[in-house]
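A, B, ... follow the sequence lines: proteins, then strands. Residue 1 opens every chain.
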Number of protein chains: 2
Amino acid sequence: MLAAVRPDLRARVVDAALDLFSGQGYFNTSVHEIVRAAGVSIGSIYHHFGDKEGIARALHAHLGGRMAQMVEDAVARHDTCREQSRELVARLFAMTEAEPRTMAFLFYARHREFLPDEPPVCSSRPFVLLRELVERGMARGEVRRLDVLVASSSLFGGAFRMIASRLDGIVPEPLPVYLDEVWGCGWRAVAADIPQPSRRRKSA
Amino acid sequence: MLAAVRPDLRARVVDAALDLFSGQGYFNTSVHEIVRAAGVSIGSIYHHFGDKEGIARALHAHLGGRMAQMVEDAVARHDTCREQSRELVARLFAMTEAEPRTMAFLFYARHREFLPDEPPVCSSRPFVLLRELVERGMARGEVRRLDVLVASSSLFGGAFRMIASRLDGIVPEPLPVYLDEVWGCGWRAVAADIPQPSRRRKSA
DNA sequence: GTCTATATCATGATAGAC
DNA sequence: GTCTATCATGATATAGAC
């Protein structure tokens with residue numbers, strides 16, 4: 001019974017691929033390395049995935065789906081743009097610590113180089129959700145009237161840079177330590193009503 | 001005289017490499033393609049650069065040097081963090097329009113995957129200059145007391161995201177159109193003294 | 001469905017003439 | 001220093017037994 005069906009085979013391959021791709025890059029990883037890491041035969045891989053790109057496609061779809069789900073959950077949990085954006089940054093930070101490989105693959109890899117048919121990252125579902133979140137915030141009057149791209153870039157750009165820096169080993173502490181400061185900065189950037197912490201009055 | 005010295009040979013190779021690497025990625029570009037695009041022989045390339053990585057190293061050093069120079073110029077031209085950061089974003093935006101290939105290669109490529117010995121981008125000279133700029137701003141009292149990484153990420157993160165989005169074709173207008181809004185958001189995020197455009201007084 | 005063994009071929013790199 | 005012709009490696013992908 002050596003040739004029995006292994007229902008977890010696809011999962012094992014995809015998981016090994018995530019490890020290798022996020023660690024050393026797609027092009028520096030050979031299919032034979034994935035074979036070794038996943039403990040399956042190369043024949044099975046090509047049977048299930050068709051070609052090397054197919055592995056990356058399956059991985060990309062899997063992680064992209066999870067990320068979109070996470071964003072939707074976070075948004076659905078609150079009513080205001082302020083709370084939604086904070087929850088989102090908190091989850092992204094937590095996810096970076098819990099699954100750095102996942103975040104590295106999603107945020108960091110140049111998918112266009114090995115998945116030419118995939119739309120650019122910024123057109124993907126999670127990014128669209130971010131822009132919609134910001135648009136609703138503007139409609140509610142929470143967020144200043146700005147170009148939507150500018151507003152979403154400004155609200156989340158700092159957090160994204162912190163994630164990238166953390167993955168690069170530049171940031172010493174776990175990201176949640178910086179949550180208040182980072183989200184606070186992003187929110188001040190776009191909020192219509194600015195919190196006034198320690199502002200000394202100058203004239204009026 | 002066919003074997004004469006061609007002083008521009010290195011430049012032609014590096015320029016062709018920039019085109020190809022930023023267009024389709026380092027790993028999707030063969031040395032033979034560079035040969036064709038640059039109009040030189042493969043022998044000359046290996047004579048001058050040693051190996052394929054050598055081409056990328058030369059390109060990286062060249063563009064990194066130019067970028068560092070540009071940052072230093074922009075900073076030297078002003079005294080306050082406010083002006084320095086605005087000038088910097090303005091130049092980065094202009095550079096993105098004038099030389100998108102350069103910006104794509106510097107900001108966007110995963111150098112670690114093909115230049116394993118190069119330090120991470122965020123440790124490179126230009127990024128260090130950004131952090132120093134922010135630190136001086138804090139010392140002068142222009143910038144709120146924040147973690148330096150958080151502050152520089154928040155001040156420039158929005159601009160970086162706009163550059164990435166523009167290179168991805170998401171942003172319709174040339175970046176300088178958005179300069180005021182983008183820099184304004186970044187500055188509000190970290191400024192100690194917040195400009196109060198249309199804030200209706202609530203209580204005191 | 002899973003496996004081993006093999007085919008094919010493009011790539012990075014070299015040799016050596018001029 | 002520049003070139004052409006060639007090599008050698010290792011990658012993706014396939015064939016076919018079980």
If only side-chain N and O atoms count, and only distance matters, is there a donor-acceptor pair under 3.5 Å linking A:Trp183 with A:Ser85? yes
For B:Arg136 and B:Glu142, what are the C-alpha separation, side-chain angles and deciding distance, and is it a salt bridge (charged side-chain N to carboxylate O under 4.0 Å, His left out)? CA-CA 9 Å; B:Arg136 284 193 304 272; B:Glu142 285 183 271; over 6 Å; no
All heavy atoms of B:Val35 vs all of B:Val40, minimum pair found to be CG1-O, 3.0 Å
A:Ser44 side chain N/O closer than 4.0 Å to the phosphate oxygens (OP1, OP2) of C:dC3? yes
Which parts of nucleotides 9-16 of chain C does protein reach within less than 4.0 Å, heavy atoms only, written one letter per nucleotide 5' to 3' as B for base, S for sugar-phosphate only and - for none? --SBBB--
Starting at CD1 of A:Ile45 and ending at P of D:dA11, how long is that distance when rounded to a whole Å? 14 Å
How many whole angstroms separate atom NE2 of A:His47 from atom C1' of D:dC18? 14 Å
Tell me: CZ of B:Arg12 to C1' of D:dG1, nearest whole Å? 15 Å
Would A:Lys52 pass as a cation-pi partner of A:Tyr26, given that its NZ or CZ must be under 6.0 Å from the six-membered ring centre and within 45 degrees of the axis? yes
Distance under 6.0 Å and angle within 45° of the ring axis: does A:Arg112 meet both against B:Tyr108? no
Nearest whole angstrom, please: distance from the P of C:dG1 to the CZ of A:Arg10. 11 Å
Applying ring pair (Phe, Tyr, Trp, His ring centres under 6.0 Å) to A:Phe105 and not counting sequence neighbours gives A:His111
